[in-house]
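For clarity, every value in this text was computed on a predicted model and none was experimentally measured. What you see below is based on every heavy atom in this structure, not just the backbone, and it leaves out hydrogens, waters and symmetry mates.
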2 protein chains.
Amino acid sequence: MADINFSNPLPSADSRPTQARPAPAGEANLRWDIIELLFFAYRDFVGDADHELEAFGFGRAHHRVMHFVCRYPGLKVADLLDVLRITKQSLGRVLKQLLDEGYIVQKTGNNDRRQRLLYATAKGEALVAKLATLQTRRIDRALEGIGLAGADTVRRFLRAMIDREDPDKVLETIFNAPNPKE
Amino acid sequence: MADINFSNPLPSADSRPTQARPAPAGEANLRWDIIELLFFAYRDFVGDADHELEAFGFGRAHHRVMHFVCRYPGLKVADLLDVLRITKQSLGRVLKQLLDEGYIVQKTGNNDRRQRLLYATAKGEALVAKLATLQTRRIDRALEGIGLAGADTVRRFLRAMIDREDPDKVLETIFNAPNPKE
DNA sequence: AAGAAACGTCAATATGGCTGACATAAATTT
DNA sequence: AAATTTATGTCAGCCATATTGACGTTTCTT
């Protein structure tokens, strides 16, 4: 607590515009800018969906489940747990609601009858598409000035931000997918 | 629920590798790839900090508060509420812990003595720096193959993902900041 | 027949959001 | 000077979503 210089407060500290604290000499080059941009970008990105979900009485948890079930039809419950990194008890409640309200259906596995393969209904697909449309609008707007090569750079960056060890089934699919041409 | 083709299940549906559902004809071009990459990238990005925070008995909420107080010293409580988009009651609980445990201090405003300007202590700064270091490591790794121009593209993309209307004090600072040269 | 696996569920608990109401001190307006 | 508004704090309770641990059923594997 020694080197914080507010013991002798700056004159009119609260009338100056807010400024990011300059990096002290000893501090390694930290990516403050990208760290904060990620925070705000993600906040507004999920905000799009959050707002719409309210009208359905759903939360983020429901969205995540529906999204991945819709995108990867036939996902097992265990797969979903891996992807979402939550416990089956947590998933249980949310999944039950989505089943009861007809957004998702279960189907017993053919090979292994213990499995409950998950599929989105048309109702579920419609909602997921609606949410994805909102988010796509934001992404398109953000990519606008950046060009095709830029979009690819963004994709490469995001991919590289993801842990590669012990990838779940969905991530494996994503990593193996060819980078789209746009 | 008519056009989902699992009424006549595909042979050995659960032995095939997981595949992303191909986009139906009627569906607009949705950015499924970037939507999912953002999900996983952010999940792992905040995971770095989450893991470390456990050792301190703190959660994500504490991190967010400490981070912005540390980065924008002298932030008012009201500013923080704008940035985090939570209620003062929610902030209150978390902030009280951080004050009690000596990660943050308050200082009465000079111009307006109602205000409580927030500052991180050395202890607080150390923790924030530690967490930022972890996240910076991940970002650096992700930017590695992308080059300087690529890093700038990523920054531009993330900036453009953020809502511009009604920016809070911190966001204004970020938007007005010159793009760093790397 | 025994064990393991996939899933479901009950119970209890924690975190971090929320709303509404109310209190205080200080600034501002009348 | 009095009234009002602003910035903040706080009490009480609710809700959503996460957790752990335990136990049960069905089904597959050995």
**OP:** At under 4.0 Å between heavy atoms, which parts of nucleotides 25-30 of chain D does protein reach? Answer with one letter per nucleotide, 5' to 3': B base, S sugar-phosphate only, - none.
**Re:** -BBS--

Subject >> Separation of atom CZ in A/R93 from atom C1' in D/dC15, rounded to whole Å >> reply: 11 Å

**OP:** Round to a whole Å and report the spacing from NZ of A/K88 to P of D/dG24.
**Re:** 13 Å

Subject >> Interatomic distance, A/L95 CG vs D/dT17 P [rounded to whole Å] >> reply: 13 Å

Subject >> Cluster check A/Y103, A/L134: I/L/V/M/F/W/Y, side chain < 4.5 angstrom >> reply: no

Original post:
Which word best sums up how the rings of B/Y42 and B/F45 line up, parallel for under 30°, tilted for 30 to 60°, or perpendicular for over 60°?
Top reply: tilted

Original post:
Do A/R155 and A/D152 meet the salt-bridge criterion of a basic N to acidic O distance under 4.0 Å?
Top reply: yes

Subject >> Listed nucleotide nearest any side-chain atom of B/Q106, set D/dG9, D/dT17, D/dT19 >> reply: D/dG9

Subject >> Minimum heavy-atom distance between B/H62 and B/L98, given as atom pair plus value >> reply: O-CD1, 3.9 Å

Original post:
Contact class for A/G59 vs. all strands (heavy atom < 4.0 Å): base, sugar-phosphate, or nothing?
Top reply: sugar-phosphate

Subject >> Whole-Å gap separating C1' (D/dT10) and CG (B/D100) >> reply: 14 Å

**OP:** Nearest whole angstrom, please: distance from the C1' of D/dT10 to the CD of B/Q97.
**Re:** 15 Å

Original post:
Does CZ belonging to A/R141 count more than 12 external heavy atoms closer than 6.0 Å?
Top reply: yes

Subject >> Check ion pair A/D82-A/K169 (N to O, under 4.0 angstrom) >> reply: no

Subject >> Whole-Å gap separating C1' (D/dT19) and NE2 (B/H51) >> reply: 16 Å

Original post:
Could you state the CG-P distance from A/L81 to D/dT20, rounded to the nearest angstrom?
Top reply: 12 Å

Original post:
Should the heavy atoms of other residues, nucleotides or ligands under 6.0 Å from CG of B/N176 be counted, would the total exceed 12?
Top reply: yes

**OP:** Assign A/K96 to base, sugar-phosphate, or nothing according to its heavy-atom contacts below 4.0 angstrom with the strands shown.
**Re:** nothing

Original post:
Can a salt bridge be assigned to the pair A/D163 and B/R138 using a cut-off of 4.0 Å between side-chain N and carboxylate O?
Top reply: yes

Original post:
Do any side-chain nitrogens or oxygens of A/S90 fall under 4.0 Å of OP1 or OP2 in D/dT17?
Top reply: no

Subject >> Candidates D/dA22, D/dT8, D/dC11 - which lies nearest the side chain of A/Q89 >> reply: D/dA22

**OP:** Anything under 4.0 Å to a heavy atom of chain B counts; send over the first and last such nucleotide of DNA chain C, read 5' to 3'.
**Re:** C/dG16 to C/dA27

Subject >> Atom-pair distance (CG on B/D82; P on D/dT8), nearest Å >> reply: 10 Å

Original post:
When all nucleic acid strands are considered with a 4.0 Å heavy-atom cut-off, which category describes B/R60: base, sugar-phosphate, or nothing?
Top reply: sugar-phosphate

Original post:
Are side-chain N/O atoms of B/E52 and B/H63 paired as donor and acceptor at under 3.5 Å?
Top reply: no

